[in-house]
Amino acid sequence: MLLLLLLLLLLPLVWAGSLKATARHELHVQAPTSVTVQEGLCVLVPCTFSSPRGGQGPTHGSWFKSGSPDVLVATNYLGKKRNRNTNPSFHLGDPAANNCTLAITSPQKEDSGEYYFCMDRGKNRTHCGRHMLTVLVRELTQAPNIEVEASLQAGRPSLLTCSLPGACAGLVPPTISWTGAALRPGSAWHDSAELQLTPRPRDHGTHLTCRVSLCRPGVSTERTLTLNVTYAPQNLTVGLLRGDYAELRGLANGSSLPVLEGESLRLLCAADSNPPARLSWAWGSGAPATPRPSNTGVLVLPHVEFRHEGEFTCHAQHPLGSQRVSLHLSVQSPLQLLGPSCSPEDEDADGGLLCSCSARARPAPALRWRLGEQLLEGSRSNGSVEVTLDPWGLWANSSLRLGGRALSSALTLSCEARNAREARSAALLLLPRRAGKPALGKEFVLGAVLGAGAVGLLALFSGFICFL
Ligand SMILES: *[C@@H]1O[C@H](CO)[C@@H](O)[C@H](O)[C@H]1NC(C)=O
Ligand SMILES: *[C@@H]1O[C@H](CO)[C@@H](O)[C@H](O)[C@H]1NC(C)=O
Ligand SMILES: *[C@@H]1O[C@H](CO)[C@@H](O)[C@H](O)[C@H]1NC(C)=O
Ligand SMILES: *[C@@H]1O[C@H](CO)[C@@H](O)[C@H](O)[C@H]1NC(C)=O
Ligand SMILES: *[C@@H]1O[C@H](CO)[C@@H](O)[C@H](O)[C@H]1NC(C)=O
Ligand SMILES: *[C@@H]1O[C@H](CO)[C@@H](O)[C@H](O)[C@H]1NC(C)=O
Ligand SMILES: *[C@@H]1O[C@H](CO)[C@@H](O)[C@H](O)[C@H]1NC(C)=O
């Protein structure tokens, strides 16, 4: 209460000048001493006056801009020609109710100056207040506001409203225009201030500008909004990271990825969405991948094992929709070839040889023998040649029994292994024992050459070595 009382006591000081009406100025005007308004905006200057006693007839009030000469800017005096030259930006309250409130709408810079209020009643002379109102019209700096009805979501229409705070209905409404990459021929405009926008994912992060232009050339203001469009994951891709993460090879959904056993593997899963989707990898039937799951979308298998063979699925979870992409990891192992090697068959009467050859790979290799020009495939047996194949797991083992009669002349014996990825072969040369030499119970001896893919020949001849 005390504070209120204090304020009421101070109030007259605020309305400076109102108490100073002289005898000549019998009008007591209560209004602020100065007001600042931006060009094109508007302001209401509250004002009351206490009229001198006496006089009959309608009360007329007028605001003048002081100068040489003084200029009438607003009046309710409709007679004569007084109102013809008033300023369209100045509007007067109701002087009949002792109200000299002045509304200034869309002023121009030239409207800056000092103003005073006068009144007259009936035929009595005009009474002017001594009170001076200073109006300062500044440059327009106020930026418009852009209101977004709801958060922008791809594919959903949203209403955007642009308005200039502080602007009021002037004589000529300001023009509002929009520019931005998100606007396209289909955009619906309610009126220039309202824009109905149905954003697309690619509109996220683009700029949208609302520009308010006042009727005076060169007077305009604008605001630019960076669109935040939420959208579900799109273009979910998985890729293979090699080396220092520099190389990325995209993999199609459902594709098969061959990896060598023991290799280190890094799979990347990436999705385009806003806000970012939650990425996770699952291995096998949907259980989260035991090999180090990550929410960055990178799956690391430091040492690929055969048990890793199977389906890997990347899930991108997002409030607006989820996606998944899977790939089949097929674990392979390089082809190793052991053999061929042969040894004499001790108990064999005809001096035969027993040769063996093994290959290991994943996918499992197929083995075959080549004796001279002749290809020996599969398990077979006849009197002189016997081939047995024993595939087991990653191994393909084969043995070849050569009867003495099959070895009447020098022959190359090769073992060939192949799978879908690679092929290798190794060979050795079988030489008949030189005639006349004492048979050490064996007709043939052999040399073995181990080589990867190439055929080198080294033959051991009973008792000495022969290079070919
Ligand atoms: C004019 O105003 C004066 C006081 O200022 C008053 O005495 C007089 O009666 C008024 N005349 C008319 C015609 O209203
Ligand atoms: C004076 O007139 C203005 C504009 O017409 C109005 O907004 C204001 O409320 C009035 N003031 C009083 C004290 O009646
Ligand atoms: C975009 O909108 C989303 C959801 O409304 C919000 O989580 C995110 O912080 C916003 N991003 C920016 C840059 O404003
Ligand atoms: C996402 O997919 C769409 C349609 O397939 C395509 O137009 C767009 O360029 C893709 N974006 C990226 C970043 O790959
Ligand atoms: C990938 O394939 C699966 C199964 O066919 C399917 O459910 C999924 O939607 C596909 N993902 C993408 C991104 O196409
Ligand atoms: C046994 O098979 C080998 C290889 O096919 C062939 O060279 C040989 O003549 C055959 N021997 C007999 C007795 O059929
Ligand atoms: C095949 O040969 C390899 C190498 O000699 C051996 O380790 C493996 O046990 C053999 N497999 C079978 C089923 O004999």
Side-chain angles (χ1 to χ4, degrees), residues 11 15 18 28-32 35 42-51 59-63 73-76 89-105 117 119 133 146-156 158 160 168-170 182 197 199-208 224-239 250-257 267-282 284-286 297 310-329:
L11 207 56
W15 304 140
S18 58
H28 297 256
V29 175
Q30 287 192 327
V35 68
C42 63
V43 71
L44 194 70
V45 186
C47 174
T48 57
F49 65 94
S50 46
S51 57
T59 304
H60 293 133
S62 309
W63 278 94
V73 293
T75 184
N76 71 333
S89 296
F90 290 76
H91 313 275
L92 177 62
D94 179 16
N98 286 13
N99 187 341
C100 50
T101 294
L102 185 63
I104 308 175
T105 59
F117 178 71
M119 70 141 307
L133 168 70
I146 302 178
E147 256 180 71
V148 184
E149 179 197 43
S151 70
L152 296 174
Q153 187 177 313
R156 197 181 66 180
S158 281
L160 285 83
C168 53
L197 184 70
R200 298 157 296 182
R202 78 170 94 133
D203 296 330
H204 175 67
T206 63
H207 298 309
L208 183 69
T224 297
L225 196 71
T226 303
L227 298 185
N228 182 2
V229 182
T230 57
Y231 56 95
Q234 55 169 8
N235 304 11
L236 179 64
T237 46
V238 290
L251 301 166
N253 188 13
S255 65
S256 176
L257 176 65
L267 292 173
L268 176 77
C269 178
D272 178 20
S273 69
N274 180 43
R278 207 173 72 80
L279 298 169
S280 61
W281 280 97
S285 53
E311 200 96 324
F312 281 80
T313 304
C314 172
H315 293 269
Q317 280 152 298
H318 193 275
L320 296 182
S322 298
Q323 266 200 330
R324 67 194 175 94
V325 160
S326 37
L327 55 90
H328 183 86
L329 200 67

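Given the structure is predicted, the values throughout are model-derived calculations rather than measurements. Residue numbers count from 1 along this sequence. As the structure lists them, so they are numbered: ligands from 1, and atoms in each ligand from 1.
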Any side-chain to backbone donor/acceptor pair from [X] onto [Y]? Under 3.5 Å, distance only.
X	Y	result
His328	Ser256	no
Ser89	Thr105	yes
Asn253	Val325	no
Thr101	Cys47	yes
Asn98	Phe49	yes

Identify the protein atoms, limited to N or O, that lie within less than 3.5 Å of an N or O atom of ligand 3, and list each pair with its distance to 0.1 Å.
{"unit_1": "ligand 3", "atom_1": "2 (O)", "unit_2": "Asn228", "atom_2": "OD1", "d": "3.3"}
{"unit_1": "ligand 3", "atom_1": "2 (O)", "unit_2": "Asn228", "atom_2": "ND2", "d": "2.4"}
{"unit_1": "ligand 3", "atom_1": "11 (N)", "unit_2": "Asn228", "atom_2": "ND2", "d": "2.7"}
{"unit_1": "ligand 3", "atom_1": "14 (O)", "unit_2": "Asn228", "atom_2": "ND2", "d": "3.1"}

(message) If I apply the N/O under 3.5 Å rule, does Arg324 come out as touching ligand 5?
(response) yes
(request) With heavy atoms of Val325 as the reference, note each atom of ligand 5 found under 4.0 Å away. (result) 13 (C)
(request) List every atom of ligand 2 that sits less than 4.0 Å from any heavy atom of Thr101, numbering the atoms from 1 in the order shown and giving each element. (result) 1 (C), 2 (O), 3 (C)
(request) Could you label the plane-to-plane angle of the Trp63 and Phe117 rings as parallel, tilted or perpendicular, counting under 30° as parallel and over 60° as perpendicular? (result) tilted
(request) State the SG-NE2 distance between Cys42 and His91, to the nearest 0.5 angstrom. (result) 8.5 Å
(message) With nothing but distance in play, are any N or O atoms of Thr48 less than 3.5 Å from an N or O of ligand 2?
(response) no
(request) Indicate, as side chain, backbone, both or neither, the part of Asn253 found under 4.0 angstrom from ligand 5 when only non-hydrogen atoms are considered. (result) side chain
(request) Might you point out which heavy atoms bring Ala232 and His318 nearest each other, and give the distance in Å? (result) CA-ND1, 3.8 Å
